[in-house]
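Data first, discussion second: the structure below is written as structure tokens.
As the structure is a prediction and not an experimental result, all values here were calculated from the model.
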Amino acid sequence: MLTLDLPTEPYWLDLPRGVRVEIRPVTTAVMAAAQAAAARRLAAIRIADPDLDPDMSRGLSFAFLVKALARHAVTAWEGVGDSAGKPLALSPEAVERLMDLDDIAAAFWDRATAPVAAVAAEGNG
């Protein structure tokens, strides 16, 4: 039996380097919005560079998807500061800069999509 035990309210994720982000649940709508945004960005790069290396294209695709998911899902954060060490205000641009850090982006992706992945795995038993 499939158990729909998905979050319905925003919740916090602990990420590397002392960063915490509050995210809204990764619903179909949130993921579809992120995928559409990532696809648009990658399409623009492919138009500008039709000879884009396939490996770089895959890397950019994932990077754009993680950034778009974070932009659509992150509602608050802790542990993120500016160059002077002062807490940095949450903004779409700052969220994208945070996701430029590979360890943060990988952990964010794994933890943000884990509830959906767990339900999908249960349904494949």
Those residues that, when tested against W12, pass ring-ring contact (aromatic ring centres under 6.0 Å, His included) (two or more places apart):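 Partners of W12 under the ring-ring contact (aromatic ring centres under 6.0 Å, His included) test: none.
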Can you tell if the side chain of [X] reaches within under 4.5 Å of the side chain of [Y], non-hydrogen atoms only?
X: L88; Y: R97; value: yes
X: K67; Y: V95; value: no
X: T113; Y: M31; value: yes
X: V30; Y: T27; value: yes
X: F108; Y: L98; value: no

About how many Å separate [atom2] of [Y] and [atom1] of [X], when rounded to the nearest 0.5 Å?
X: D49; Y: I47; atom1: CG; atom2: CD1; answer: 11.5 Å
X: E22; Y: T75; atom1: CD; atom2: OG1; answer: 3.5 Å
X: Q35; Y: T28; atom1: CD; atom2: OG1; answer: 9.5 Å
X: L65; Y: L60; atom1: CG; atom2: CG; answer: 12.5 Å
X: S91; Y: R71; atom1: OG; atom2: CZ; answer: 8.5 Å

Pair L101-V19, side chain to side chain contact (heavy atoms under 4.5 Å, CB included): steps then yes or no: CA-CA 12 Å; L101 301 171; V19 173; over 6 Å; no
Within one Ile-Leu-Val-Met-Phe-Trp-Tyr cluster: F64 and W109, side-chain cutoff 4.5 Å: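 No, no single cluster joins them.
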With clusters defined by side-chain heavy atoms of hydrophobic residues (ILVMFWY) lying less than 4.5 Å apart, directly or transitively, does L42 cluster with V66?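 No; L42 is not reachable from V66 via cluster members.
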With sequence neighbours excluded, what pairs up with R24 under the side-chain hydrogen bond (donor to acceptor under 3.5 Å, both in side chains) test?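 For R24, no residue satisfies side-chain hydrogen bond (donor to acceptor under 3.5 Å, both in side chains) once neighbours in sequence are set aside.
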What is the minimum heavy-atom distance between [X] and [Y], and which atoms define it?
X: P16; Y: I104; answer: O-CD1, 3.2 Å
X: P25; Y: Y11; answer: CA-CE2, 4.2 Å
X: M99; Y: A105; answer: O-CB, 3.3 Å
X: L69; Y: A112; answer: CD2-CB, 4.4 Å
X: A76; Y: L90; answer: N-CD2, 3.7 Å
X: S61; Y: A38; answer: O-CB, 4.4 Å

Taking only Lys NZ, Arg NE, NH1 and NH2, and the carboxylate oxygens of Asp or Glu, determine whether R111 and D14 approach each other closer than 4.0 Å.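 Result for this pair is no, no salt bridge flagged.
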